[in-house]
Number of protein chains: 2
Amino acid sequence: MSNVQSLERALTLLNIMSDYPDGIQISRLAEQANLSKSTIHRLLSTLISMKYVTQDKKTEKYMLGYQILFLSRNMTADSGIISAARPLLERLCEDINETIHLCVEDSSEVVYIDKIESNQTIRMYSRIGSRNPMYCTGVGKILLSGMTPSDYDHAVSSIDFVKRTAKTIGSLEELEEEIALVKKQGYALDNIENEEGIRCIAAPIRDFHGNIIASFSVSGPVHRITMERVNDELVRKVRETAKAISHELGFRG
Amino acid sequence: MSNVQSLERALTLLNIMSDYPDGIQISRLAEQANLSKSTIHRLLSTLISMKYVTQDKKTEKYMLGYQILFLSRNMTADSGIISAARPLLERLCEDINETIHLCVEDSSEVVYIDKIESNQTIRMYSRIGSRNPMYCTGVGKILLSGMTPSDYDHAVSSIDFVKRTAKTIGSLEELEEEIALVKKQGYALDNIENEEGIRCIAAPIRDFHGNIIASFSVSGPVHRITMERVNDELVRKVRETAKAISHELGFRG
DNA sequence: AACAACGTTCCATAATACGGAACAAAAAAT
DNA sequence: ATTTTTTGTTCCGTATTATGGAACGTTGTT
C-alpha cells in the first residue's frame, strides 16, 4: 500500500496541469501541490525529458505534453465498444436531443469513455475519463446488475453511501432491492440521485456471451427528462438502441 | 539534467504498456524495462492507485488506465487548430484519397496531432502523438520556414543529419537552400527523404497574425504520388486547403 | 506429484529524492 | 530610476525513500 512518493507527486502534477490547458507556472504548481519549488522543478525536468510535459515557448508555462496524446491513442481495450456504439448513440442523440454517456466499470467505479452532446443550451458538465460511484448513477446500476455475485460483493463492499441528493440510495439493502428491479426491467433510472435536478435513464450493452460490458445513459434536467417522457418515449428508445449495439457486438438475445 | 529515477522508470513503463493495449504482465515488463520485478510491482501499485494503470480482472495483465484518457481530453492547446482543420482536411482526403497528417512543432521535432486516413489498401503507418525530425519531412520544412531566425537557429542547431534514404538532406547548407525554396514556393516536398518509397507534399497553416502554427501533408507511395500528380493536381489542392484552413483561423492574406 | 512461472511481501542497505538556502532574472510597485 | 516582490534555477548536506535480492505463496503445466 505504500506508494512511491516522487511518482505520486509527479502524477499529481499532471492531474493539476490538465486543469490548466493553457499552461501553469511553477509557483502555482507549488501552491496547488503543496510542494517546494525545487522539488517541482526537478520532477518537471524529468517529465519534460520524457515528453509528458511541454513548456510553452512564449509564456514559459508548463502544460501536458504530446506523449499523453500518444498514449491515449492506443488504449484500444474499449475501442471496439466505442466504435460499435457511436453511430447508434449519435442517431439516438439526434432523435431525442439529450446528452448521452457511454461507460464501463473500473475499480468499482463508473468511467465515462465516450459522450455525445445534445445541442441544447443547458447541457450537463462531464468529461471523458472522469468517474462516478456506481450506487448513485443509472449506468452504475446497470453495470452492477450484470456482475457475478462475487464481483458484485466486491464492488459493493467498499461503497461509502453519501447522500448526494435527497433521493440517493443510502444503504446496501436499498441498493440490493434497486438492482433486483433493474434486472427485472432491463433498464435503470437515476431519479435525481446523483446530482440535483438531473435525471438519467440507462441501459446495458452486452457482448456475444451476453455479459454486460458497458452501459450508456441519456441525461438531462428534470424539466426535459420528465417521468412521463421516460415512460412514454425514453425507455423504449433506450432499450432499442441498447439492443442494436449489443447486436453489433455479436449478442443474439 | 539529472532525472528522477523512479519517475523516469515509471513513465517508461507507461510507454511500454502503450505497446500492449491488451495488457502485459509484470515479468514481461521486467524484461522490457530491465528492472527487477519488485521495483516494477512497487511502481505499478502507485500508478494503479492514481488510475494511470489498470489491471484486467480476468487476465490480471496491466494496461494503461483511464486517467490517461482523462488527461488527453483536456489538451486544448491545439484543439482549435484541429477542429478548424478537420472538415477541410476530410474533404481533401475524400477528393484525393491519400492519407493526411496534421502537425505542430514541439522541442524542435514534428508531432502528429491529427490524421485522416484514405481508404487505400496500402496505407502509411503512423500514430497520433508520434514524432519525426524536421529536416526530413515536408511538414517539418514548412514549420522551419515559418520560424523567426533565432527559433530557426535553435531548432536547427541540434539536428543530427541521418541519411534515412538516399535523398535525405545531409547538411545545414542543403537545408538552408531547401527552406529558402519552400518559402518561395509556399509548399514543401518530402521527396523520398524520410522513408523509402514515400513521397509527401505539405503546406502551412497560419493564425490571424500570419504566423505558421501548424502544417499538414498528403503522403503516399511514390507510385500513386508521382511528381506529375504533385505538379498537376496536388500542389494546387494542398495550397487551396491550406489557405481555407488559415482563413478559418482568421488569416486574411 | 514435482516443477516451473509468476506475483507478492519483506527488509537491510545505500542510493536517491528532498527542500532550505542562496542566487539570478524579470516584473511590479514606488 | 530605484526599490521591492515574484519567479525560476542551482547547489548541497541530510535522511528519507527507493532499491533489488531473497524468500514465500499461488497458479498452472508437464
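Below, read A as the first sequence line, B as the second, and so on, with proteins coming before strands; counting in each chain starts at 1. Values below: all heavy atoms of this structure, side chains included; hydrogens, waters and symmetry mates excluded.
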A.B. asks: Could you run down nucleotides 23-30 of chain D 5' to 3' and tag each one B, S or - for protein heavy-atom contact under 4.0 Å?
C.D. replies: --------
A.B. asks: On DNA chain D, nearest-nucleotide positions of A:Q25 versus B:L35: which is more 5'?
C.D. replies: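 That would be A:Q25.
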A.B. asks: Give a yes/no answer on whether the side chain of B:R9 brings an N or O atom under 4.0 Å of OP1 or OP2 in D:dT19.
C.D. replies: yes
A.B. asks: Counting only side-chain N and O atoms of A:S36, is one of them less than 4.0 Å from OP1 or OP2 of C:dG19?
C.D. replies: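 Yes, such a contact exists.
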A.B. asks: For B:E31 and C:dG7, what is the distance between atoms CD and C1' respectively, to the nearest whole Å?
C.D. replies: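 The answer, rounded to whole Å, is 14 Å.
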A.B. asks: Answer yes or no on whether A:R127 is positioned over the face of B:F70, meaning its NZ or CZ is under 6.0 Å from the six-membered ring centre and within 45° of the axis.
C.D. replies: yes
A.B. asks: Rounded to whole angstroms, how far apart are CG on A:L44 and C1' on C:dA17?
C.D. replies: 15 Å
A.B. asks: Under 3.5 Å, is there a donor-acceptor pair between the side chain of B:K115 and the main chain of B:S126?
C.D. replies: yes
A.B. asks: Out of A:Q25, A:R28, A:Q32, A:K61, which residue meets the side-chain hydrogen bond (donor to acceptor under 3.5 Å, both in side chains) rule with A:Y20?
C.D. replies: A:Q32
A.B. asks: Looking only at side-chain N and O atoms, does B:T39 come under 4.0 Å of OP1 or OP2 in D:dT19?
C.D. replies: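 False: B:T39 side-chain N/O out of range (4.0 Å or more) of D:dT19 OP1/OP2.
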A.B. asks: Could you tell me how far apart B:Q55 (CD) and C:dC6 (P) are, to the nearest whole angstrom?
C.D. replies: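 About 15 Å, once rounded to whole Å.
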A.B. asks: Does the pair B:D106 and B:R131 meet the rule for a salt bridge (charged side-chain N to carboxylate O under 4.0 Å, His left out), with working shown?
C.D. replies: CA-CA 9 Å; B:D106 184 62; B:R131 290 162 178 268; 2.8 Å; yes
A.B. asks: What is the distance, rounded to the nearest whole Å, between atom CD1 of B:I40 and atom P of C:dT9?
C.D. replies: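 Rounding to the nearest Å, CD1 of B:I40 and P of C:dT9 are 16 Å apart.
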A.B. asks: Write down the distance between CG (A:L13) and P (C:dA17), rounded to a whole number of angstrom.
C.D. replies: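 Rounded to the whole Å, the gap is 15 Å.
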A.B. asks: Counting just side-chain N and O atoms, does A:Q5 come under 4.0 Å of either OP1 or OP2 of C:dA17?
C.D. replies: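 So the side chain of A:Q5 is outside the cut-off, no N or O lying under 4.0 Å from OP1 or OP2 of C:dA17.
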A.B. asks: Within less than 4.0 Å of OP1 or OP2 of C:dC10, is there a side-chain N or O belonging to B:S38?
C.D. replies: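 No, because none of the side-chain N or O atoms of B:S38 sits under 4.0 Å from OP1 or OP2 of C:dC10.
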A.B. asks: Please report, rounded to the nearest Å, how far the C1' atom of C:dA17 is from the CD atom of A:E8.
C.D. replies: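 Computing the A:E8:CD to C:dA17:C1' distance gives 15 Å.
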A.B. asks: Just call it for A:S6: base, sugar-phosphate, or nothing, with non-hydrogen atoms closer than 4.0 Å on any strand.
C.D. replies: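 Result for A:S6 = sugar-phosphate.
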A.B. asks: Judged by each residue's nearest nucleotide on DNA chain D, which is more toward the 5′ side, A:I24 or A:L7?
C.D. replies: A:I24
A.B. asks: I'd like to know if the side chain of A:Y135 pairs up with that of A:D160 as donor and acceptor (distance under 3.5 Å, no hydrogens or angles considered).
C.D. replies: no
A.B. asks: Take A:S107 and B:K51, measure what side chain to side chain donor-acceptor pair (under 3.5 Å) needs, and give me the verdict at the end.
C.D. replies: CA-CA 9 Å; A:S107 56; B:K51 315 282 185 192; 2.9 Å; yes
A.B. asks: Any side-chain N or O of B:H41 below 4.0 angstrom from OP1/OP2 of C:dT8?
C.D. replies: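 Result: yes.
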A.B. asks: Looking at C:dA17, I'd like to know if its phosphate oxygens (OP1 or OP2) sit under 4.0 Å from a side-chain N or O belonging to A:R42.
C.D. replies: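 Indeed not, no polar side-chain atom of A:R42 lies that close.
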A.B. asks: Calculate the interatomic distance between A:N3 atom CG and C:dT9 atom P; express it in whole Å.
C.D. replies: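 After rounding, the reported distance stands at 13 Å.
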A.B. asks: Given the rule in the side chain to side chain contact (heavy atoms under 4.5 Å, CB included) test, do B:L89 and B:I245 qualify, once you have shown the distances and angles that lead to the verdict?
C.D. replies: CA-CA 9 Å; B:L89 294 180; B:I245 295 169; 3.7 Å; yes
A.B. asks: Does a side chain donor of either A:S217 or A:D190 reach within less than 3.5 Å of an acceptor in the other side chain?
C.D. replies: no
A.B. asks: Measure the distance from CD1 on A:I26 to P on C:dA25 and round it to the nearest whole Å.
C.D. replies: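 Nearest whole value for this atom pair: 17 Å.
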